[in-house]
There are 2 protein chains.
Amino acid sequence: MPGEPPRPTDAELEILTVLWSIGPATVREVHDVISRRRPAQYSTVLKFMQIMADKGLVRRDERPRAHIYQAARPREWTQRQLAGDLLERAFSGSARALLMGALAARKATKEELAEIRKLLDEYGKGKK
Amino acid sequence: MPGEPPRPTDAELEILTVLWSIGPATVREVHDVISRRRPAQYSTVLKFMQIMADKGLVRRDERPRAHIYQAARPREWTQRQLAGDLLERAFSGSARALLMGALAARKATKEELAEIRKLLDEYGKGKK
DNA sequence: GCTTTACTAGTAAGATCTTCGTATATGCCA
DNA sequence: TGGCATATACGAAGATCTTACTAGTAAAGC
C-alpha cells in the first residue's frame with residue numbers, strides 16, 4: 001500500500017520540476033539539467049533520486065543500462081499539496097492573502113491578471 | 001548589521017503566526033496558545049524562540065521577569081517571502097498556477113472569489 | 001575476451017531541525 | 001532573608017536534509 005508521498009524538500013522539489021518538464025528520465029539527464037544552472041555532483045543527484053524512490057515521490061523502471069525515473073504524481077497534484085500546505089500554515093486558509101503575497105513578490109503583467117480573472121470565471125462556473 | 005532573516009521552518013512559522021495574532025508576548029503566552037492545539041513542552045517553545053532570536057526572526061525585549069518577544073517582520077512581509085519563494089520553486093513564477101493549486105486544495109466560497117476579484121481590480125489600478 | 005566506461009549502491013560526514021531534560025538565575029512573598 | 005515559583009540558559013539526543021566519496025557491477029567497445 002503506497003499511501004501519500006510526503007511533502008518534497010527543496011532539493012527534491014528541484015528534481016521533480018525537472019522530471020515534470022522533460023518527462024521520464026535517467027539520473028544522467030536530470031543531472032545535466034541541474035548542473036547547467038548550479039554546481040552539483042552526479043552522485044548527489046543520484047542519491048536524492050534514490051531517496052525519493054523510497055519515499056514514493058518518484059517511480060523507477062529498473063532498466064539494465066540505466067534506471068528510468070518519473071514523478072510519481074503529476075505536477076498539478078503536487079502543486080495542489082504545496083499550495084494547500086502553505087495556505088493553511090502561513091495564510092490561515094485565505095487564498096486572497098496568498099495571491100496578494102504572490103503578486104507583491106513578483107509583479108504580474110496585465111496579461112497574467114487577465115488569465116487569473118479567466119481562471120476565477122471558470123472556477124466559479126462549476127458552483128455558481 | 002541585521003540582514004534578511006531566513007525562511008522560517010515549520011515550527012518557527014507556527015510561532016510567528018501566534019506572535020502576529022496576539023502581538024508581543026512572553027514564551028509562556030505563546031506556549032499557552034500552542035499547547036491548546038497540540039502537545040508541546042514549554043522548554044521546546046522556549047528553545048525555538050531563542051533560536052529565532054539568533055536568526056533574526058523575532059526581536060526580544062529582555063525584561064527582568066520574563067522576556068518579551070515580537071515578530072521581527074510584519075505578517076505581510078513574511079507572507080510575501082513565503083509566497084514568492086514557493087511561486088518560483090514550484091510554480092515557475094506563475095501566480096495563476098499558484099492560485100489554481102490553492103483553490104483546488106481548499107474550496108473557496110463565492111464571497112471569497114468576489115474578494116479576490118476586488119483584489120485584482122485594486123492591483124491592476126496602479127499599473128493599468 | 002578484456003579493458004574502459006558508466007551506472008548503482010553503500011557509507012558517511014556535516015548541517016539543520018525538532019524535541020526535551022536539567023541546571024541555574026531571579027523575582028516574589030511569608 | 002530564606003524558600004518557592006517561574007524564567008532563562010545549556011546541553012544533548014535523535015531525526016532529517018544535503019552533500020560527496022568510493023566500491024562494486026554491468027554494459028560497450030576494441
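Hydrogens, waters and symmetry mates are skipped; everything else that's a heavy atom, side chains included, is used. So that the names make sense, note that chain A is the first sequence line, chain B the second, and so on, each numbered from 1.
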Is there a donor-acceptor pair closer than 3.5 Å between any side-chain N or O of [X] and the backbone N or O of [Y]?
{"X": "A:Tyr123", "Y": "B:Ala108", "result": "yes"}
{"X": "B:Ser94", "Y": "B:Phe91", "result": "no"}
{"X": "A:His31", "Y": "A:Ala40", "result": "yes"}
{"X": "B:Trp20", "Y": "B:Ile15", "result": "no"}
{"X": "B:Gln79", "Y": "A:Ala90", "result": "yes"}

Selection residues 36-56 of chain B - residue pairs positive for side chain to side chain donor-acceptor pair (under 3.5 Å), sequence neighbours left out: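 Non-adjacent pairs meeting side chain to side chain donor-acceptor pair (under 3.5 Å): B:Glu12-B:Lys55, B:Glu14-B:Arg38.
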Nearest heavy atoms of A:Gly101 and B:Ala83, plus distance in Å: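 What the structure gives for the nearest pair is C-CB, 3.7 Å.
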Work out which heavy atom in A:Ala71 is nearest to a heavy atom in A:Leu16; give both atom names and the distance. CB-CD2, 4.0 Å
A:Asp85/A:Arg80 ion pair, N-O < 4.0 Å: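 No, this pair does not count.
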Given atom CD of B:Glu12 and atom C1' of C:dC17, what is their separation to the nearest angstrom?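 Rounded to the whole Å, the gap is 8 Å.
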In [range], which residues come under 4.0 Å of DNA chain D by heavy atom?
{"range": "residues 48-63 of chain B", "result": "B:Gln50, B:Arg60"}
{"range": "residues 21-28 of chain A", "result": "none"}
{"range": "residues 36-46 of chain B", "result": "B:Tyr42, B:Leu46"}

For A:Arg65 and A:Lys47, find the nucleotide of DNA chain C closest to each by heavy atoms; which residue's nucleotide sits nearer the 5' end?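 Going by which nucleotide is closer to the 5' end, it is A:Arg65.
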Given that B:Arg7 and B:Pro64 both sit by DNA chain C, which one's nearest nucleotide is further toward the 5' end?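 Checking each residue's closest nucleotide, the 5'-ward one belongs to B:Arg7.
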Which pairs would a plain distance check flag for residues 57-64 of chain B, meaning a side-chain donor or acceptor within less than 3.5 Å of a matching protein atom at least two apart in sequence or in another chain?
from, atom 1, to, atom 2, distance (Å)
B:Arg59, NH2, B:Ala72, O, 3.4
B:Arg60, NE, B:Glu62, OE2, 3.2
B:Arg60, NH1, B:Tyr69, OH, 3.0
B:Asp61, OD2, B:Arg63, NE, 2.9
B:Asp61, OD2, B:Arg63, NH2, 3.3

Where the side chain of B:Ala11 is defined as all heavy atoms beyond and including C-beta, which of C:dG27, C:dT11, C:dT18 is the nearest nucleotide?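 In terms of side-chain proximity for B:Ala11, the closest of C:dG27, C:dT11, C:dT18 is C:dT18.
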Quick one: does [X]'s side chain get under 4.5 Å of [Y]'s, heavy atoms only?
{"X": "A:Leu82", "Y": "B:Leu98", "value": "no"}
{"X": "A:Leu119", "Y": "A:Glu115", "value": "no"}
{"X": "B:Arg117", "Y": "A:Leu120", "value": "yes"}

Boundaries of the chain B footprint along DNA chain D (any atom under 4.0 Å from a heavy atom): D:dT6 to D:dA12
